[in-house]
Amino acid sequence: MDPGALQELADKLLLIDAQDVLNQGLCDRLLFEDQWLAFLEGNLGEDHEEQLVSLADFLDARPIGKQKRKDRIATLFVNGDSHLETAWRQWMQTMVDALQDIRENENIKALIIRVNSPGGQAWIADQMVREIEKLKEQMPVIVSMSDVAASAGYMVACLGDTVFAQPNTITGSIGVFGLTFNAEQLLEDKMGIRTYHINTAEHADMGYPDRSLDAYERQVLQNAVDRYYGQFIDLVAEERDLSRAYVDSIGQGRVWSGSRALQLGLVDALGGMKEAEEAARSMAGLDSGSYRLKDYPEYEDPIEQLISDLTQARTPSAWTQLDPAISQAAAWYAKWKTLQGVPLMQMEQELHWKE
């Protein structure tokens, strides 16, 4: 097409809908998705999906006359806390899936884990630790701490062959806690509600918010917390080549700046992503400019996400209809109630108490 004609289309807004695009010769046919899939199958056969290429792979194709860079350094972004009510399973599965994809990609020669997390549920950290341990058998793993890499965030970070922190990174918080809610007094004294339990076992109703824990149940929960803490201590001691007693002495939930963590042996050096990439390149034996970076998890394109958000119906949450003070309290209660009786590794500043 003549450049002047294209400019006229733009100046006069002649491309308003798909029919205009067809009329102006900028596409060949208008098809619904099912028609497009039928078109593919008719021209490429039933295995047409195997012949498709993503935009990322297309852009990564070998330029004419240039050598394609096949080697990769993967960057896994571990962001946020790992226990949100409706998202923690998805979050964990996303991290595990990403680590498995990295391990199975023969072009990836090293992994950088970028940690910005205050911690979360102990079981999720266990899953990630297992996947990282398997991956370390194949390639070097370098950790770069962002603002926070604490508690379960540090549990993941300590696995790095080399661990970088920023001077003001908040890290450490090697500790575990558990929590339960007791609304017995609220229900009986304030609301006049009494509840009765009929159990098939003596402690089958352990953790119900309408009664407090008895001494035995408290000890059961304490034993679980102690067990997870012991595993945490053992892992840090082994990965950082420190004694168990020493790790315990700087553990117990204490937090440190990145600079202090370096002095304590919890990290190897101060630096950011630039230093982490250089360490990964060196440990993988790659020449400068001979590789590309690949980010994980592979998030949806921002434009596609925006379009999806705009086209989905939005219904206001019931909490937004309440008084702001009640809404805030209700949101916190809904969040933490799902964690009742679950061992957690998280910085406790995330909890807010008010008399």
Side-chain angles (χ1 to χ4, degrees), residues 1-66 68-80 82 84-108 114 124 127 131 292-321 334:
M1 296 183 67
D2 178 69
L6 286 175
Q7 187 64 50
E8 183 180 9
L9 293 178
D11 291 340
K12 296 184 177 180
L13 302 178
L14 298 179
L15 300 176
I16 300 301
D17 57 28
Q19 187 63 49
D20 293 336
V21 175
L22 178 63
N23 293 341
Q24 297 296 337
L26 296 183
C27 73
D28 298 302
R29 297 173 64 181
L30 299 183
L31 301 174
F32 286 100
E33 183 176 6
D34 63 298
Q35 295 172 314
W36 163 244
L37 294 176
F39 171 82
L40 285 180
E41 188 169 331
N43 287 272
L44 302 178
E46 294 183 357
D47 62 343
H48 61 269
E49 292 187 2
E50 298 179 3
Q51 302 183 50
L52 300 181
V53 61
S54 69
L55 178 60
D57 289 338
F58 175 77
L59 295 175
D60 196 35
R62 182 193 316 219
I64 297 176
K66 294 184 179 180
K68 181 180 178 182
R69 293 176 288 180
K70 293 184 177 180
D71 292 336
R72 299 285 185 272
I73 292 178
T75 303
L76 177 67
F77 291 91
V78 181
N79 294 323
S82 54
L84 296 179
E85 178 180 1
T86 59
W88 69 268
R89 286 186 181 274
Q90 181 181 359
W91 187 94
M92 186 274 294
Q93 195 58 51
T94 298
M95 293 293 107
V96 170
D97 288 346
L99 287 166
Q100 291 174 346
D101 288 344
I102 293 169
R103 184 159 47 88
E104 294 169 1
N105 189 332
E106 61 182 16
N107 292 329
I108 295 178
R114 178 69 165 176
I124 299 178
Q127 308 303 307
E131 290 298 327
R292 290 189 180 184
L293 297 175
K294 185 174 178 61
D295 292 344
Y296 289 86
E298 299 184 65
Y299 293 105
E300 184 177 5
D301 180 89
I303 300 300
E304 294 180 359
Q305 182 64 56
L306 175 62
I307 293 173
S308 175
D309 290 344
L310 292 176
T311 55
Q312 290 180 7
R314 301 283 180 173
T315 39
S317 168
W319 299 126
T320 63
Q321 310 304 314

Please report the closest heavy-atom contact between [X] and [Y], naming both atoms and the distance.
| X | Y | answer |
| --- | --- | --- |
| Pro297 | Phe77 | CD-O, 4.0 Å |
| Leu26 | Leu15 | CD1-CD1, 3.5 Å |
| Leu31 | Phe39 | CD1-CB, 4.3 Å |

Report the distance from atom [atom1] of [X] to atom [atom2] of [Y], rounding to the nearest 0.5 Å.
| X | Y | atom1 | atom2 | result |
| --- | --- | --- | --- | --- |
| Asp97 | Tyr296 | CG | OH | 11.5 Å |
| Ile102 | Thr75 | CD1 | OG1 | 8.5 Å |
| Lys294 | Asp71 | NZ | CG | 14.0 Å |

Arg72 side chain vs Lys70 backbone, donor-acceptor pair below 3.5 Å: yes
Does atom CD of Glu106 have more than 12 heavy-atom neighbours, drawn from other residues, nucleotides or ligands, at distances under 6.0 Å? no
Heavy-atom count around Asp28 CG within 6.0 Å, excluding the residue itself: above 12? no
State, yes or no, whether a side-chain contact exists between Arg103 and Glu131 at a heavy-atom distance under 4.5 Å. yes
Would you sort out whether Glu8 and Asp11 count as a side-chain contact (heavy atoms from CB on, under 4.5 Å), showing the intermediate values? CA-CA 5 Å; Glu8 183 180 9; Asp11 291 340; 5.7 Å; no
Mind running side chain to side chain donor-acceptor pair (under 3.5 Å) on Asp20 and Gln24 for me, showing each step along the way? CA-CA 6 Å; Asp20 293 336; Gln24 297 296 337; over 6 Å; no
As a quick check of understanding, evaluate side-chain contact (heavy atoms from CB on, under 4.5 Å) for Leu9 and Met1, giving each step before the final call. CA-CA 11 Å; Leu9 293 178; Met1 296 183 67; 4.2 Å; yes
Taken in chain and number order and not counting sequence neighbours, the residues that satisfy side-chain contact (heavy atoms from CB on, under 4.5 Å) with Gln19 are Asp17, Leu22, Asn23, Leu30
